[in-house]
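Every chain is numbered from 1, with letters handed out A, B, ... down the list of sequences.
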Number of protein chains: 2
Amino acid sequence: MKLSKKSEYGLRALIELTLAYNRTTLQRHEIAERQHIPAEFLEQILLVLKRMGLLASRRGIKGGYQLIKPPESITLGQVIRMLDGPLAPIPCVSKTAYQKCSDCPYASTTSCPLQHVMGNVRNAIADILDHYTLKDFAYGRLQEER
Amino acid sequence: MKLSKKSEYGLRALIELTLAYNRTTLQRHEIAERQHIPAEFLEQILLVLKRMGLLASRRGIKGGYQLIKPPESITLGQVIRMLDGPLAPIPCVSKTAYQKCSDCPYASTTSCPLQHVMGNVRNAIADILDHYTLKDFAYGRLQEER
DNA sequence: AAAAAAGTTGACTAAGTCAGTTGGCAATTA
DNA sequence: TAATTGCCAACTGACTTAGTCAACTTTTTT
């Protein structure tokens with residue numbers, strides 16, 4: 001049930017990039033310093049986010065990274081899936097990366113106890129992370145109780 | 001956000017042991033066959049659950065394992081914590097194994113965005129898993145929507 | 001044009017975790 | 001005492017995590 005450092009650093013970097021959105025670009029080392037992230041590791045993460053279309057970058061002396069999608073249109077769930085893979089605790093309850101379980105004794109049954117409860121867990125996680133945007137995140141919008 | 005095989009196998013084994021509760025003991029290979037779990041790996045798991053006080057065992061020719069706590073008194077959350085560690089995605093939001101984050105830039109701040117959202121996630125997970133008992137699980141009680 | 005700054009890429013690595021396997025020992029029963 | 005079963009520790013191979021390093025390309029400044 002753990003969040004990797006990759007996702008943690010990625011999300012923290014996106015706080016900075018969201019705050020700079022439409023205002024300025026940020027260089028790797030600026031983000032790294034502000035968020036205490038190893039700069040070389042951060043780069044890998046920023047490149048993934050770039051390939052996924054969240055960021056643009058410029059090289060050269062006035063280079064840097066910037067967010068190119070509106071921060072209210074990106075959810076934390078999307079970011080975590082890019083960096084860590086599916087949110088679901090087991091593949092057979094994933095909506096974005098479903099895989100049927102191979103040697104589960106309930107595979108041919110109508111209902112598997114584990115699948116049932118883990119389905120609930122995955123929905124609970126996704127309900128939060130897929131409704132929380134980068135804008136909410138960076139500007140500290142409090143999420144109302146559910 | 002993944003559940004390990006250890007926890008998956010442990011929970012599935014506990015289905016069998018719950019169904020046998022107060023009726024009979026089960027041997028390692030019986031559980032292994034019914035739930036398609038490698039018997040030697042299963043043993044490690046059963047021993048952990050024994051050390052944690054859930055199971056009793058007898059050696060010798062009529063040996064086996066049995067559940068010694070009422071299945072309605074044990075939650076899936078407890079079991080998963082025994083086998084996988086804390087439910088929380090990051091240590092600084094764990095209730096059972098809290099650790100303050102060391103080099104987070106918000107460490108001395110009143111509010112950390114990541115801590116806030118991950119706290120919600122950990123509560124959502126725990127709300128499900130800490131209210132779902134082995135009895136519910138083994139006998140397929142459907143959990144009402146929330 | 002050359003130098004410098006920055007991003008890009010791929011390879012590499014040390015440490016740790018996961019999912020088991022193996023083998024010897026201890027207790028129980030027949 | 002022999003067979004059976006659980007108990008325990010060590011071990012293994014594959015994989016993941018969290019980085020690091022070196023070489024290279026592009027862009028900008030001088």
Side-chain angles (χ1 to χ4, degrees), chain A residues 1-13 17 24-33 35-52 54-66 68 80 82-86 89-91 101-104, chain B residues 1-13 17 24-33 35-68 80 82-86 89-91 101-104:
Chain A
M1 304 276 164
K2 272 203 72 198
L3 189 78
S4 72
K5 286 288 174 188
K6 213 160 167 175
S7 281
E8 180 187 330
Y9 292 161
L11 290 172
R12 296 227 308 257
L17 288 159
T24 177
T25 68
L26 292 178
Q27 293 182 345
R28 184 180 88 152
H29 75 267
E30 296 181 280
I31 301 174
E33 277 161 26
Q35 291 286 340
H36 303 166
I37 302 172
E40 301 81 7
F41 189 34
L42 174 60
E43 189 167 273
Q44 288 187 17
I45 296 166
L46 294 176
L47 287 178
V48 172
L49 298 178
K50 183 190 170 182
R51 282 183 213 114
M52 302 302 284
L54 294 195
L55 306 183
S57 60
R58 282 178 47 122
R59 312 198 209 195
I61 194 139
K62 289 224 161 171
Y65 295 86
Q66 56 179 321
I68 54 170
I80 293 174
M82 291 171 190
L83 296 170
D84 268 9
I90 50 179
C101 30
S102 51
D103 63 347
C104 166
Chain B
M1 302 276 166
K2 274 203 71 196
L3 190 76
S4 72
K5 286 289 175 189
K6 213 160 167 175
S7 282
E8 180 187 330
Y9 292 161
L11 290 172
R12 297 227 307 257
L17 288 159
T24 177
T25 68
L26 292 177
Q27 293 182 346
R28 180 181 88 153
H29 74 268
E30 299 181 277
I31 301 173
E33 280 160 24
Q35 292 284 338
H36 303 165
I37 302 171
E40 303 80 8
F41 189 34
L42 175 60
E43 185 168 277
Q44 286 187 19
I45 297 166
L46 294 175
L47 288 178
V48 172
L49 297 177
K50 184 190 171 181
R51 285 186 208 111
M52 301 303 284
L54 294 196
L55 306 182
S57 59
R58 283 179 49 113
R59 307 196 214 197
I61 194 140
K62 290 225 160 171
Y65 296 87
Q66 56 181 321
L67 189 61
I68 53 171
I80 294 174
M82 290 173 191
L83 295 170
D84 269 9
I90 49 177
C101 30
S102 50
D103 62 349
C104 166

Trainee: Just one of A:Leu47, A:Leu54, A:Leu26, A:Leu42 clears the side-chain contact (heavy atoms from CB on, under 4.5 Å) bar with A:Tyr65, so which one?
Mentor: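 Considering A:Leu47, A:Leu54, A:Leu26, A:Leu42, a side-chain contact (heavy atoms from CB on, under 4.5 Å) with A:Tyr65 is found only for A:Leu47.
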Trainee: Once you round it to whole Å, what is the distance between C1' of D:dG6 and CD1 of B:Ile45?
Mentor: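 The answer, rounded to whole Å, is 16 Å.
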Trainee: Within this structure, what is the CG-to-P distance between B:Leu46 and D:dG6, rounded to whole angstrom?
Mentor: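 About 9 Å, once rounded to whole Å.
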Trainee: For B:Asp84 and B:Leu3, indicate whether the former's side chain and the latter's backbone hold a donor-acceptor pair under 3.5 Å.
Mentor: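 It does not hold such a pair.
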Trainee: Below 4.5 Å, heavy atoms only, C-beta onward: do A:Lys50 and A:Leu46 meet side chain to side chain?
Mentor: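 They are not in side-chain contact.
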Trainee: To the nearest Å, how far apart are B:Leu42 CG and C:dT21 P?
Mentor: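 Computing the B:Leu42:CG to C:dT21:P distance gives 12 Å.
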Trainee: Taking CD from B:Gln44 and C1' from D:dC8, how many angstroms apart are they, rounded to a whole number?
Mentor: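 It works out to 10 Å between those atoms.
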Trainee: In whole Å, I'd like the distance from the CG atom of B:Leu49 to the C1' atom of D:dG6.
Mentor: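 Taking atom C1' of D:dG6 as the reference, CG of B:Leu49 is at 15 Å.
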Trainee: Sub-3.5 Å donor-acceptor pair from the side chain of A:Gln27 to the main-chain atoms of A:Gly63, do we have one?
Mentor: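 Here the side-chain-to-backbone pair exists.
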Trainee: Considering only heavy atoms from C-beta outward, does the side chain of A:Glu8 approach that of A:Lys5 to under 4.5 Å?
Mentor: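 Yes, at least one pair of side-chain atoms sits under 4.5 Å.
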Trainee: What string of B, S and - do you get for nucleotides 2-8 of chain C, 5' to 3', when a contact is any protein heavy atom under 4.0 Å?
Mentor: ---SSBB
Trainee: Between C1' on D:dT17 and CZ on A:Phe41, what's the gap in Å once rounded to a whole number?
Mentor: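 Distance, rounded to whole Å: 7 Å.
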Trainee: Of A:Pro38 and B:Arg51, whose nearest nucleotide on DNA chain D comes first from the 5' end?
Mentor: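 Residue closer to the 5' terminus by nearest nucleotide: B:Arg51.
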Trainee: Where do A:Val48 and A:Met82 come nearest, in terms of heavy atoms and distance?
Mentor: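 Reported closest heavy-atom pair: CG1-O, 4.2 Å.
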Trainee: Within this structure, what is the CD-to-C1' distance between A:Gln35 and D:dA18, rounded to whole angstrom?
Mentor: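 Nearest whole value for this atom pair: 18 Å.
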Trainee: Whole angstrom is fine here: how far is it from OH in A:Tyr9 over to C1' in D:dA18?
Mentor: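 In whole Å, D:dA18 C1' and A:Tyr9 OH are 8 Å from each other.
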